[in-house]
Amino acid sequence: MHKWEAIDEANKYIKERINQTPTIGLILGSGLGELAEELADAIVIPYQEIPHFVMSTVDYHAGKLIVGKLEGKTVVAMQGRFHYYEGHSIESVTFPIRVMKMLGVEQLILTNASGGLHIDQQPGDLMLVTDHINLMGINPLIGANDERLGDRFPDMSDTYCKSLAQLARKVATQIGVPLKEGVYVAFTGPSFETPAEVRMARTIGGDAVGMSTVPEVIVAKHAGIKVLTISCICNLAAGILPQPITAEEVYEAAGQAKENFSKLLRGIVENM
Ligand code: HPA
């Protein structure tokens, strides 16, 4: 099926089930999905019911789309995202962003878990992503371009919206949640990076490494959606400390950060 028709089919399916138009999208990453449970007047749609949505295969990622109110704003939240390492096509990974756009989303907040590249970072630190480096070896815009979805060659110089970043800084200061800033470097995973890859990521200007977000951000930018990304640094990346990295420590750190994360996101959404 033509991409546009597939997006429209998912869009129509969701629109039939909701009675409010979300203008804010929220993608909640590993261990950070609980906020979606707090939406008021929520309509919950499991991914498997939505045409052309694939299934989330990772533990700690629920597969639900939730439309409801957060701080008085109508949001559409993805509780659990799709990752390229799950074996989904890059088109499937980014499909929900295009559906969000058709639903009416103008601003998108993405969250993720990442590994810090600096010794002074602590598990649980929140980092405002100010830019990214794509080392996934893929780009979701490869292929024929449908001009209805966006330009053939989208500019990426202002991808992480400066005014949303400013709002995030302001809210973080107001509520007393420390917010670091930095560049997110995306690898495909699912293996964690090698120590040499971690040194490279730091040398080329990275501050955190992760396995998601960048494909969605590229598609959001293509679609003209304003992007805010906040990463939870869950561990120090490979080789910085002597011990190996485990998925458990990542989820545990994300869990510990969730209170601050939730306060920060609520404050941001309230002022969007
Ligand atoms: N590397 C890649 N992705 C991650 C990490 C990491 O160290 N921690 C959490 N997600």
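By convention here, the first residue in the shown sequence is residue 1. When a ligand or atom number is given, it counts from 1 through the structure's own listing order.
Two rings, from Phe95 and Phe82, have their centers 6.0 Å or more apart.
When heavy-atom distances to ligand 1 are checked against 4.0 Å, the residues falling inside are Ala113, Ser114, Gly115, Phe192, Glu193, Val209, Gly210, Met211, Asn235, Val250, ordered by chain and number.
Taking the salt bridge (Lys or Arg N to Asp or Glu O under 4.0 Å) definition, one finds that Asp131 meets it with nothing, sequence neighbours left out.
Distance OG1/Thr23 to CE/Met100: 12.0 Å, rounded to 0.5 Å. The structure places NE2 of His222 at 6.0 Å from CZ of Arg98, a figure rounded to the nearest 0.5 Å.
Summarising the local packing, NZ of Lys73 is surrounded by more than 12 heavy atoms from other residues, nucleotides or ligands at distances under 6.0 Å.
Side-chain atoms of Glu86 and His83 form a donor-acceptor pair, as typed in the model, at a separation below 3.5 Å.
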